[in-house]
Amino acid sequence: MASSPAEVVLGRSAAGDVALIDLDAAGMPVSTVAVDIDALPDVIAARESAGDVRWIWSDTPTWYTRLLSAGVRVRRAWDLRLVHAILRDAASVQDDQGLRGETSWDAAATALDDLDTLFAFGDSVGPPEGADEALAEYRRQRATIAIARTAGSLRLLAVAESAGALTGVELHAAGLPWSVEAHAHLLEDQLGPRTAGGLPARIEDAAAAVRSALDDPGASLDSQPKLLRALHRAGILVESTSQWDLGRHDHPAVAPLLAYKKLMRLYTANGWAWMDEWVRDGRFRPVYVPAGVVTGRWASSGGGALQIPRRLRTAVRADPGWTLVTADVAQLEPRVLAAMARDTALAAAASGRDLYAGVVDSGAVATRAEAKMAMLGAMYGATTGESGRLVPRLRRAFPRAMGLVDDAARIGEDGGRVSTWLGRTSPAPGDAWRALQSRASGAEASGGDETNARRAARDRGRFTRNFVVQGTAAEWALAWLADLRTRLSTLAAVEAPDAAPRSGPAFARSPHLAFFLHDEIIVHTPIVHADAVADAVRTSAASAGRLLFGEFPIDFPLDLKIGPTAEKE
DNA sequence: CGGCGCGGCGCG
DNA sequence: AAAGCGCGCCGCGCCG
C-alpha cells in the first residue's frame, strides 16, 4: 500500500508571488513558502522529484498550462473548481460547510486565450486564485466529502476528475500527430484543387448537376428554405432537406444534391481553412473541456475535436520511428449499466467480445442489429419505431438493468434528480419546467397545458434515463485515462534521435496520450514501446473496471490496434 | 455590424 | 432507414 501523497495548496500570495502551503494528514496547514512566479516551475519540479505530491489549485488550465510549457509535469492534482461543481450538485452531500454558498467557485473555466496573461495575476476572470481562498475551499471540500454517505465514491470522483483535468491540458499540449500532406491529398481527391476564391471544382460540378436536374439554373443550395421550395417546384415533396429525407426520393437531382452536401460539409468543416487554423507543426491541438457536459463527459472547444469525420482519420500519422496505439471500448454504456444494476444476466451476455451477440444468445431478440437497436432504445428512451417495439423484450430478459434506467426516467419525469455510480448528480429542473408542471396540474389547466407538461416531463425523463448511464460511462473513462496516464509515464523516454517526435512538449518525448473521445484513446509512442503501451492500455481498462465496480463480473474488452489509424468498417 | 435560433450533420 | 441521449460547428436568416 503506497503512502498518501503530500498535499500542497498553490495560490497567489498577498505579496503578489505564489504561496505553497503544505498540509498535514488532517488538511491543516503546517508550513508556507512564497516563491517568485518565475521560479515556480523549478520549485514544483523539485517537489515532484522529491516525492509524491498532490497539488491543490483553483483551476487546472490556469496553473498547469504554464508549468507544462516550462517543461514541468505533475502527477496529481485537485481541481477546486471542478470538484466544487460536483459537490455543489451532489445529492449525497450535506452542505454543512456552506460550500454551496461559495459561488465564486462556480465561475466558468478560464478561457484559453487568457492563459498567457494569467500569471501576471491581474484581473482574473476565473475562480479565486488566492492561496488563502484555495486553502479555505479545499478544507470545505474535504470536510464535505468526509461526512457524505458516499465519501469513498465522491473522493474517487474528485481525484479522477482532477486527473482528467491534467490529462486535458496535456492532450492539448501534445496534440494529435496530423499529416497535412495526407489531409491535403484527401481534400484534393474529393474536392479538386484548392481554389483562391469560389468553390472547389467538384463542389461546383455537383451544384451544376443539381440545378440541371431541377431545371432551375438559379436554385439556391445553401439556404434551407430556398432549397426546400426549389425541390417542391421540381416535384420532390420532401419535408426537410436532410439527407435521410432526400434519400427516400427517387429523382435525378437527389444523388448530386447528397454529393453536394457531403462535399460542402467536408469543405466547410474540415477543409483547407480548418487545416490552416488548427494544424501547427504537424499537430492538431483541440481544446479539451473536462466535464464540459452535464453528465461529466468532456466537451471540446475549437477545431471540433469531437466531430472529426472517421474518413479523415487517415491524416492521423505517427512521427518517424513512432507509431499509434488506438483503442476503444466495445459497448461501454450497456456494460456500465449491467455493472451499476448488478444485472448478472446482462453481465453474462456481455462477457467476452460482443455484448450484442450475447444478447442474441440470451434469446431476447433474434439478430445483432435488433439487440443494438433495443439496447440503445432502452438507454435513450425510445418509445416509437422498431427500437421502441423491441425494448420490452429487453425488460423481460434483463429486468434489473432495465429497471435501473426506467427508474431514472420516472424520477426525472417527476422533477427529481438522479446520480451516477460515483455520485455526480443531474441538475434540478429549471423554473420554466416547474411552472409548466404546476400549471398543468392546476384547476384551470387547458388540454394544451397538459400536453405540453407531459411532453416536457417525458423529455426530462429521457435525459435522466440517459444521464446515469452516460455519466457513469464517463467516470469509467476517467478512471481508464488516469490509470493509463500514470502507466505511460513510467515507460522510459527513447534517446535515439531518429525516434524523437517532431514537435511538442518535453513529456511528449516518451509514450503519451494524443487523443481522447468518450470511449476511445490514441497513444503516440516510439515503436519500441508499442507492445508495452498496448499492455498498459489493456491493464488500465481492467483496472478501471475494478476501481468502479469491484469484483462484479463485468469486463471491458477493447478494440485495440497498433499502427496507422484507419477509418472504421 | 454582432448576437442568436435553427436546420443540418459530424462525433460518441 | 431512423429513433431515443449527449455534444460543436457550419451557413443562413432574422433581430436589434
Side-chain angles (χ1 to χ4, degrees), chain A residues 199 220-228 238-249 257-258 260-271 273-274 277-278 286-313 328-334 336-337 369-370 372-391 394 405-406 408-409 412 418 420 424 426-427 455 458-474 476-477 515-521 559 567-568:
Chain A
L199 295 171
S220 165
L221 307 187
D222 299 319
S223 159
Q224 196 266 2
K226 290 178 185 167
L227 174 59
L228 196 58
V238 284
E239 290 183 21
S240 76
T241 62
S242 70
Q243 51 187 321
W244 301 280
D245 212 341
L246 284 165
R248 300 213 308 271
H249 287 76
L257 180 53
L258 291 177
Y260 174 85
K261 283 166 161 283
K262 202 177 185 73
L263 296 176
M264 199 63 174
R265 166 83 190 182
L266 176 63
Y267 177 64
T268 57
N270 298 103
W274 179 91
E277 183 175 358
W278 290 102
V287 176
Y288 295 87
V289 186
V293 179
V294 277
T295 59
R297 266 190 176 182
W298 290 18
S300 75
S301 144
L306 279 58
Q307 358 163 191
I308 299 298
R310 308 271 344 174
R311 299 166 47 228
L312 236 75
R313 294 287 186 93
D328 67 277
V329 195
Q331 306 108 22
L332 175 57
E333 293 189 350
V336 150
L337 173 58
E370 283 186 339
K372 182 174 183 176
M373 210 171 323
M375 193 58 76
L376 292 177
M379 294 187 303
Y380 293 166
T383 54
T384 62
E386 183 167 11
S387 183
R389 187 173 61 74
L390 289 166
V391 170
L394 285 191
V405 286
D406 287 344
V418 296
T420 61
R424 194 187 308 265
S426 66
R455 194 183 56 233
R458 289 198 179 128
D459 287 350
R460 188 156 190 283
R462 285 194 303 276
F463 166 66
T464 52
R465 169 189 292 274
N466 188 248
F467 182 95
V468 293
V469 179
Q470 187 183 118
T472 303
W476 183 93
F515 191 66
F516 169 62
L517 181 56
H518 306 319
D519 62 355
E520 172 187 5
I521 53 95
D559 284 325
E567 62 183 281
K568 231 174 180 177

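Per chain, numbering begins at 1; letters A, B, ... match sequence-line order. These figures come from a predicted structure and were not determined experimentally.
- Atom CE of A:Met375 is separated from atom C1' of C:dA3 by 16 Å (rounded to the nearest Å).
- Rounded to whole Å, the distance from CH2 on A:Trp274 to C1' on C:dC10 is 15 Å.
- Of the inter-residue distances, the one linking A:Arg265 atom CZ with A:Lys262 atom NZ reads 10.5 Å to the nearest 0.5 angstrom.
- Across all strands shown, A:Leu332 has no heavy atoms under 4.0 Å from either base or sugar-phosphate atoms.
- For C:dG4, the O4'-C1' to base torsion is within 90° of 0; the nucleotide is therefore syn.
- Regarding contacts with the backbone of B:dC9, every side-chain N or O of A:Lys262 stays at 4.0 angstrom or more from both OP1 and OP2.
- Rounded to an integer number of Å, the gap from CG of A:Leu306 to P of B:dC11 is 12 Å.
- Counting heavy atoms of neighbouring residues, nucleotides and ligands inside a 6.0 Å radius, atom NZ of A:Lys261 exceeds 12 of them.
- If you check every strand for non-hydrogen atoms under 4.0 Å, A:Gly377 touches a base.
- For A:Thr241 and B:dG7, the shortest distance from a side-chain N or O to OP1 or OP2 is not below 4.0 Å.
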task = May I have the step-by-step check of side chain to side chain contact (heavy atoms under 4.5 Å, CB included) for A:Asp519 and A:Glu333, ending in yes or no?
result = CA-CA 9 Å; A:Asp519 62 355; A:Glu333 293 189 350; over 6 Å; no

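- In this structure C:dG4 sits in no base pair that meets the Watson-Crick or G-U test at under 3.5 Å.
- Note on A:Gly247: nothing from the nucleic acid sits closer than 4.0 angstrom, heavy atoms only.
- Separation of atoms CZ (A:Arg297) and CZ (A:Arg424) is listed at 12.5 Å; rounding is to 0.5 Å.
- The shortest heavy-atom contact between A:Trp298 and A:Leu306 is O-CD2, 3.7 Å.
- In terms of modelled atom types and a separation under 3.5 Å, the side chain of A:Asp245 and the main chain of A:Val238 share no donor-acceptor contact.
- Of the candidates B:dG8, B:dG10, B:dG12, B:dG10 carries the atom nearest the A:Gln243 side chain, counting heavy atoms from C-beta on.
- Contact between the side-chain N/O atoms of A:Arg265 and the OP1/OP2 oxygens of B:dG10 is not found at any separation under 4.0 Å.
- Checking the phosphate oxygens (OP1, OP2) of C:dC5, no side-chain nitrogen or oxygen of A:Thr295 falls inside 4.0 Å.
- In the set B:dG8, C:dG6, C:dC10, B:dG8 carries the atom at the smallest distance from any side-chain atom of A:Gln224.
- In this structure, A:Gly292 reaches neither bases nor backbone, as no heavy-atom distance under 4.0 Å exists between it and the strands shown.
- Rounded to whole angstrom, the span from the CD atom of A:Glu333 across to the P atom of C:dG6 amounts to 12 Å.
- Two residues, A:Arg248 and A:Gly304, neighbour DNA chain C, and the one matched to the more 5' nucleotide by heavy-atom proximity is A:Arg248.
- For A:Phe463, the side-chain atoms get nearest to C:dG6 when compared with the rest of C:dG6, C:dG8, B:dG8.
- As judged by a 4.0 angstrom heavy-atom cut-off over every strand, A:Met264 is placed among residues making no nucleic acid contact.
- Rounded to an integer number of Å, the gap from CG of A:Leu263 to P of C:dC10 is 18 Å.
- Checking A:Ala269 against A:Tyr380, the closest nucleotide of DNA chain C that is more toward the 5' end is the one next to A:Tyr380.
- With rounding to whole Å, A:Glu370 atom CD is found 15 Å from C:dA3 atom C1'.
- A straight line from CZ of A:Arg297 to P of B:dG12 spans 10 Å, rounded to a whole angstrom.
- Of the candidates C:dG11, B:dG12, C:dA1, C:dA1 carries the atom nearest the A:Glu386 side chain, counting heavy atoms from C-beta on.
- Looking only at side-chain heavy atoms (C-beta outward), A:Tyr260 and A:Asp222 come within less than 4.5 Å of each other.
- In this structure, of C:dA3, B:dG12, C:dG6, it is C:dG6 that holds the atom nearest to the side chain of A:Val294.
- You'll find that the side chain of A:His518 is closest to B:dG12, out of C:dG11, B:dG12, B:dG8.
- For A:Thr268, the side-chain atoms get nearest to C:dG11 when compared with the rest of B:dC11, B:dC9, C:dG11.
- If you check C:dG8, B:dC9, B:dC11 against the side chain of A:Ser300, the one that comes closest is C:dG8.
- Residue A:Trp298 contributes atom CH2, which lies 17 Å from atom P of C:dC7 at whole-angstrom precision.
- One finds no side-chain N or O of A:Gln307 lying less than 4.0 angstrom from the OP1 or OP2 phosphate oxygen of C:dC10.
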